[in-house]
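Beneath this line is the structure, given in structure tokens, with notes to follow.
In what follows, every chain begins at residue 1, and chains take the letters A, B, ... in the order their sequences are listed.
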2 protein chains.
Amino acid sequence: MDDRMEELLKRSQLSVTSSRKKILELFLGSAGALSHGDIEKKAGEKFDRVTVYRTLQAFLEKGVIHSIPTADNTVRYALCKEDCHQGHHQDNHIHFFCRVCASTTCLDKVSIPDIDLPAGFTASQVEVVVSGICDLCR
Amino acid sequence: MDDRMEELLKRSQLSVTSSRKKILELFLGSAGALSHGDIEKKAGEKFDRVTVYRTLQAFLEKGVIHSIPTADNTVRYALCKEDCHQGHHQDNHIHFFCRVCASTTCLDKVSIPDIDLPAGFTASQVEVVVSGICDLCR
DNA sequence: AGGTGACTGCAACATGGTTGCATTTTTATA
DNA sequence: TATAAAAATGCAACCATGTTGCAGTCACCT
């Protein structure tokens with residue numbers, strides 16, 4: 001477990017520190033996506049707010065996590081799959097936000113449908129966020 | 001023009017005040033969606049920040065505008081169409097965010113495709129935000 | 001083991017958003 | 001039209017969230 005996290009950090013060209021291991025551990029141990037606030041709470045006051053921000057920033061840049069915009073306007077983060085590379089995310093899946101438990105899940109199985117844009121518009125990214133009730137809350 | 005705004009406010013059960021007329025005017029005169037910050041800038045320091053917040057809140061509740069989550073994590077607002085009613089929005093269209101001019105547009109013509117959710121999930125709302133380059137910037 | 005560069009924590013700051021309350025403006029009613 | 005009640009505004013203060021600079025610490029490489 002510890003090895004796995006160290007390996008993931010090294011592969012992403014990030015130096016191995018205790019805060020990064022801890023935050024990575026939180027992501028690995030959580031089903032859905034985490035917000036900055038979630039991480040601060042779960043980490044148990046062990047790290048400075050700034051460290052959490054900078055760690056998330058580093059993870060984002062190196063392609064370890066990706067950010068998810070949600071309806072309640074708080075950014076959440078989730079682990080990327082193996083095919084995410086530095087700076088070039090492959091998060092071609094939709095996100096589900098549960099109104100009951102406020103959790104955000106990546107629905108890897110559901111792909112994003114094609115969308116016909118009007119003439120003159122060019123799409124480089126499509127974000128789909130579905131809100132509703134998740135399988136655990138019904 | 002002035003009549004049109006007063007009528008819209010009255011129809012939405014909102015009392016007619018100068019700030020509401022001014023903010024409504026900004027929406028009518030702008031092509032895309034506006035963020036809180038946009039409004040404060042365009043209004044020319046005439047209104048208190050709090051008033052802008054409360055006005056947007058009131059407009060939201062009465063179905064005059066709807067909110068749009070964007071990739072850069074700032075909420076934007078756009079006028080609702082006629083078929084939006086109090087508390088029950090009919091904003092069943094996708095939103096386009098231009099990376100160049102940072103404008104957000106409602107693409108009324110493009111409807112949201114159906115999405116097959118995994119078993120156990122129930123969808124109540126689907127948000128689609130396409131990022132790319134708009135027709136004016138290419 | 002030791003030097004260099006990267007990471008951390010602290011303080012201070014900036015921004016975005018909310019709440020309570022006194023004052024002003026709208027609206028409804030007479 | 002005058003007036004009372006209701007609603008909206010502005011102000012101050014506050015909280016949450018996010019950023020920056022810098023000094024100290026830690027990880028990495030040789």
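In this structure, NZ of A:Lys22 is placed 14 Å from P of C:dG9, rounded to the nearest angstrom. Atom CG in B:Leu56 sits about 14 Å away from atom P in D:dA8, given to the nearest Å. Counting to the nearest Å, the C1' atom of D:dT17 and the OH atom of A:Tyr77 are 11 Å from each other. With rounding to whole Å, B:Gln13 atom CD is found 12 Å from D:dA7 atom P. With rounding to whole Å, A:Glu6 atom CD is found 11 Å from D:dA27 atom P. The distance from atom NZ of B:Lys10 to atom P of C:dA28 is 9 Å, rounded to the nearest whole Å. If you measure from atom CG of A:Leu9 to atom P of C:dA6, you get 17 Å, rounded to the nearest angstrom. Put simply, CZ on B:Phe47 is 12 Å from C1' on D:dA8, counting in whole angstrom units.
Between C:dT26 and B:Thr17, no contact under 4.0 Å exists linking OP1 or OP2 to a side-chain N or O. Proximity of B:Ser15 to the phosphate of D:dA7: no side-chain N or O atom is located under 4.0 Å from OP1 or OP2.
When each of C:dT8, C:dA11, C:dT27 is scored by its nearest atom to the side-chain atoms of A:Thr51, the top-ranked nucleotide is C:dT8. Ranking C:dC10, C:dT27, D:dG18 by closeness to the A:His36 side chain, first place goes to D:dG18. You'll find that the side chain of B:Arg49 is closest to D:dA13, out of D:dT9, C:dA12, D:dA13. Residue A:Asp48 places its side chain closer to C:dG9 than to any other of C:dT8, C:dG16, C:dG9. Taking only side-chain atoms of B:Thr55, from C-beta outward, the nucleotide of C:dC10, D:dT17, D:dT9 with the closest atom is D:dT9.
Hydrophobic clustering places B:Val52 together with B:Leu14 (ILVMFWY residues linked when any side-chain heavy atoms are closer than 4.5 Å, directly or through intermediates).
Among all heavy-atom pairs drawn from B:Asp135 and A:Ala119, the shortest one is CB-O, 4.1 Å.
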Pair A:Arg11, A:Glu7 - check salt bridge (charged side-chain N to carboxylate O under 4.0 Å, His left out), show working.
CA-CA 6 Å; A:Arg11 182 150 36 92; A:Glu7 201 250 317; 3.1 Å; yes
Give the intermediate values and the outcome of ring-ring contact (aromatic ring centres under 6.0 Å, His included) for residues B:Phe121 and A:Phe96.
CA-CA 9 Å; B:Phe121 287 83; A:Phe96 188 90; 4.8 Å; yes
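Within the 4.0 angstrom heavy-atom criterion, only backbone atoms of the sugar-phosphate kind lie near A:Arg20; the bases stay farther away.
A donor-acceptor contact under 3.5 angstrom links the side-chain atoms of B:Arg54 to the base of D:dG10.
If you check the side chains of A:Arg138 and B:Thr122, you find no donor sitting under 3.5 Å from an acceptor.
When the nearest nucleotides of DNA chain D are assigned to B:Ser19 and A:Val16 by heavy-atom distance, the more 5′-ward of the two goes with B:Ser19.
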